[in-house]
Number of protein chains: 2
Amino acid sequence: MSKSNRIRILIVDDHLALRVGLTAMLAARPHLLVVAEADKTAGAIAACEKHHPDVVLMDLRIPGGGVEATIAIRQRWPATRVLIVTTYDGDEDIHRAIQAGASGYLLKGLTSSELIAGIEAIHRGEKVMPPNIATRHRERVLRKDLSSRELEVLSLIVAGRSNKEIARDLVIGEESVKTYLKTVFQKLSVADRTQAAIEAIRHGIVHLD
Amino acid sequence: MSKSNRIRILIVDDHLALRVGLTAMLAARPHLLVVAEADKTAGAIAACEKHHPDVVLMDLRIPGGGVEATIAIRQRWPATRVLIVTTYDGDEDIHRAIQAGASGYLLKGLTSSELIAGIEAIHRGEKVMPPNIATRHRERVLRKDLSSRELEVLSLIVAGRSNKEIARDLVIGEESVKTYLKTVFQKLSVADRTQAAIEAIRHGIVHLD
DNA sequence: CGAGGCTTCCCCCAATTGAGGGAGGCTCAC
DNA sequence: GTGAGCCTCCCTCAATTGGGGGAAGCCTCG
């Protein structure tokens, strides 16, 4: 697969300092080779095209979307393993990244040895994930998904809109909005719109930026 | 002040990779010397005691609190300049950090030259701040502060509690809760509790973690 | 000492929200 | 083709919420 026995690595993060740091942490190991860096989705895909890395260290918060980059890379280069390296970002993105075929998840703030062990593990084809994240991911899989309409309504709630406004926005009746909200409350197990909005933000179901 | 003419720097961040990256970015310049690193408030203060840095690169999201660290350092070593280096964290913490005496604010993701220019500038006694942050900070200063009671009520709103529950929590009447909320809505210029909660989170007035 | 801010409570009233149903049409998978 | 899930709308009713006031006691700052 790779020309030598070195593990070829692509680093994707929009923070230069972090890219430099990760590169430096890996530079000490002769069997690890950082072949490229990218700061956004498009650049990550271009770098894969050019360098065919074995492992991609992927931040989820990059322009263009880390999840989108993961999907694209896994589709076109199935042999390439993607290791998510990010500060905690809410369950939803992690879940989507794993669905997209990411092989593992590590928190920033990790030590060199944790990072290297993670890279080696996913290069061997193993999965890497902190136990608490894995647990949350299982819960997340069990939890019923929100339908697309429910998601729309929820994101408008987070946008601070009233039922009446949401009805206008989506060109449906206010009664329908209330129906969606009822099931959203059930699925998120909350009692009112404010809690729903906060849960949505907390779990990364909708983003604030 | 410093023994040579090198600028002595302390890096405070809980992410090892970022500390390594920042150190590497500064290592190339002979007039900059990273004298210590710390990953939390207590460690930052200890490092100041031991190394008396000229400039502290401070992340706001560290165990113990970056704002708290800034306050402590500025109080005990007024000659030490604090440069906040963080991803965007909501106006409130930035505002508090500036109130606490931080000399500048830079976003992670900066280039080496931006970082170095920032360090040199604050070492000369200048202030450093991206214009959009500065604008928001001025607006923030103009905006009326929430009283401590109003803050309590707001944070309970974010905790997802009803007026009745808040009244019980604070041992006051429900009518008082409603009065506080009315003024909170005015001060945040929002129309309901959900928007208030979201604004509070967005601006870092209350934290979700 | 007077103005203004904070805390606490009160009134009334309109609007919104949430709960508990039911129901038709639609698509998609088994 | 039948059931499941989704989207849409309907009803009623209770509770909560928000807007408009007012007002008292308290403290602080000028």
Side-chain angles (χ1 to χ4, degrees), chain A residues 92 95-96 99 139-202 205-206, chain B residues 92 95-96 99 139-202 205-206:
Chain A
E92 194 64 20
H95 178 255
R96 290 211 301 142
Q99 293 292 310
E139 287 168 1
R140 170 62 183 69
V141 168
L142 290 182
R143 193 180 83 204
K144 288 196 94 47
D145 277 320
L146 297 179
S147 79
S148 69
R149 215 48 164 166
E150 286 157 3
L151 256 181
E152 282 184 283
V153 171
L154 182 55
S155 72
L156 287 167
I157 293 289
V158 174
R161 312 191 60 83
S162 70
N163 292 347
K164 201 170 295 191
E165 290 171 326
I166 294 171
R168 254 191 283 114
D169 289 352
L170 299 182
V171 201
I172 57 179
E174 204 180 327
E175 291 301 326
S176 307
V177 175
K178 291 170 76 176
T179 305
Y180 292 129
L181 276 183
K182 277 185 258 193
T183 68
V184 168
F185 293 163
Q186 277 192 338
K187 288 182 178 176
L188 298 185
S189 31
V190 297
D192 60 50
R193 57 179 47 228
T194 304
Q195 290 177 51
I198 291 161
E199 284 299 289
I201 294 167
R202 175 175 284 135
I205 298 172
V206 302
Chain B
E92 194 63 18
H95 179 254
R96 290 210 302 141
Q99 293 293 312
E139 287 169 0
R140 170 61 183 69
V141 170
L142 290 183
R143 194 179 84 205
K144 288 195 92 49
D145 277 320
L146 297 180
S147 78
S148 70
R149 216 46 166 167
E150 286 157 3
L151 256 181
E152 283 184 284
V153 171
L154 181 55
S155 72
L156 287 167
I157 292 289
V158 174
R161 310 189 63 80
S162 70
N163 292 347
K164 203 170 295 192
E165 289 171 325
I166 294 171
R168 254 191 283 116
D169 289 352
L170 299 183
V171 202
I172 58 179
E174 203 180 329
E175 292 300 327
S176 307
V177 176
K178 290 171 75 176
T179 306
Y180 292 129
L181 276 183
K182 276 185 257 194
T183 68
V184 168
F185 293 163
Q186 276 192 339
K187 288 182 179 176
L188 299 185
S189 34
V190 297
D192 59 49
R193 56 180 47 227
T194 304
Q195 289 177 52
I198 290 161
E199 283 300 289
I201 295 167
R202 195 196 302 279
I205 298 171
V206 301

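For clarity, every value in this text was computed on a predicted model and none was experimentally measured. Protein chains get the first letters and strands the later ones, always in sequence-line order, with residue 1 at the start of each.
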- Task: Can you tell me the distance, in whole Å, between the CG atom of B:L146 and the P atom of C:dG5?
- Result: 15 Å
- Query: For DNA chain C, what residues of residues 154-167 of chain A have any heavy atom nearer than 4.0 Å?
  - Reply: A:S162, A:N163, A:K164
- Item | Residue pair B:I198 / A:A197: nearest heavy atoms and the distance that separates them | CD1-CB, 4.2 Å
- Message: As an exercise, state the distance from CG of A:L181 to OG of A:S176, rounded to the nearest 0.5 Å.
- Response: 11.0 Å
- Query: When the distance from CG of A:L170 to P of D:dC9 is rounded to whole Å, what number comes out?
  - Reply: 10 Å
- A:S147 has its side chain closest, among C:dT8, D:dC6, D:dC11, to D:dC6
- Closest heavy-atom contact between A:F185 and A:A196? CE2-CB, 3.8 Å
- Atom pair CZ (A:R193) and CD1 (A:I157), whose distance is rounded to the nearest 0.5 Å: 3.5 Å
- Item | Atom pair distance, as rounded to whole Å: NZ in B:K178 and C1' in D:dG20 | 11 Å
- Message: Tell me the interatomic distance from A:E150, atom CD, to D:dC7, atom P, rounded to whole angstroms.
- Response: 6 Å
- Task: Rounded to the nearest angstrom, tell me the gap between atom CD in B:E175 and atom P in D:dG19.
- Result: 14 Å
- Query: Rounded to whole angstrom units, what separation is found between the NZ atom of A:K187 and the C1' atom of D:dC7?
  - Reply: 12 Å
- Considering non-hydrogen atoms only, spot the tightest contact between A:L154 and A:L146 and give its length. CD2-CD1, 3.7 Å
- Phosphate OP1/OP2 of C:dC6: any B:S148 side-chain N/O under 4.0 Å: no
- Task: Mind calculating the distance between CD (A:Q186) and C1' (D:dG5) to the nearest angstrom?
- Result: 14 Å
- Measure from the side-chain N and O atoms of A:E174 to the backbone N and O of A:A167, and report whether any donor-acceptor pair falls under 3.5 Å. no
- Query: Among the nucleotides D:dC6, D:dT8, C:dT8, which one has an atom lying closest to any side-chain atom of B:R149?
  - Reply: C:dT8
- Overall bend of the helix from C:dC1-D:dG30 to C:dC30-D:dG1 (five pairs an end, 10° steps) is 50°
Atom pairs, protein N/O to nucleotides 21-23 of chain C N/O, distance under 3.5 Å:
none

- Do the charged groups of B:R149 and B:E152 touch, with an N to O distance under 4.0 Å? yes
- Atom pair CD1 (B:I172) and OH (B:Y180), whose distance is rounded to the nearest 0.5 Å: 5.0 Å
- Message: Give me the atom names and distance for the closest heavy-atom approach of A:D145 to A:E150.
- Response: O-OE1, 4.3 Å
- Decide side chain to side chain contact (heavy atoms under 4.5 Å, CB included) for B:Q195 and B:D192; before the verdict, give the C-alpha distance in whole Å, the side-chain angles of both, and the deciding distance to 0.1 Å. CA-CA 6 Å; B:Q195 289 177 52; B:D192 59 49; 3.4 Å; yes
- Pairwise distance CD1(A:I166) to NZ(A:K178) - rounded to 0.5 angstrom: 12.5 Å
- Message: Rounded to whole Å, how long is the line connecting atom CG of B:D192 with atom C1' of C:dT16?
- Response: 10 Å
- Message: Nearest heavy atom decides the nucleotide; on that basis, is B:Y180 or A:L181 closer to the 5' end of DNA chain C?
- Response: B:Y180
- Item | Short N-O contact, B:R202 and B:E199, less than 4.0 angstrom | yes
- Query: Across the strands shown, which category fits B:S176 at heavy-atom distances under 4.0 angstrom: base, sugar-phosphate, nothing?
  - Reply: base
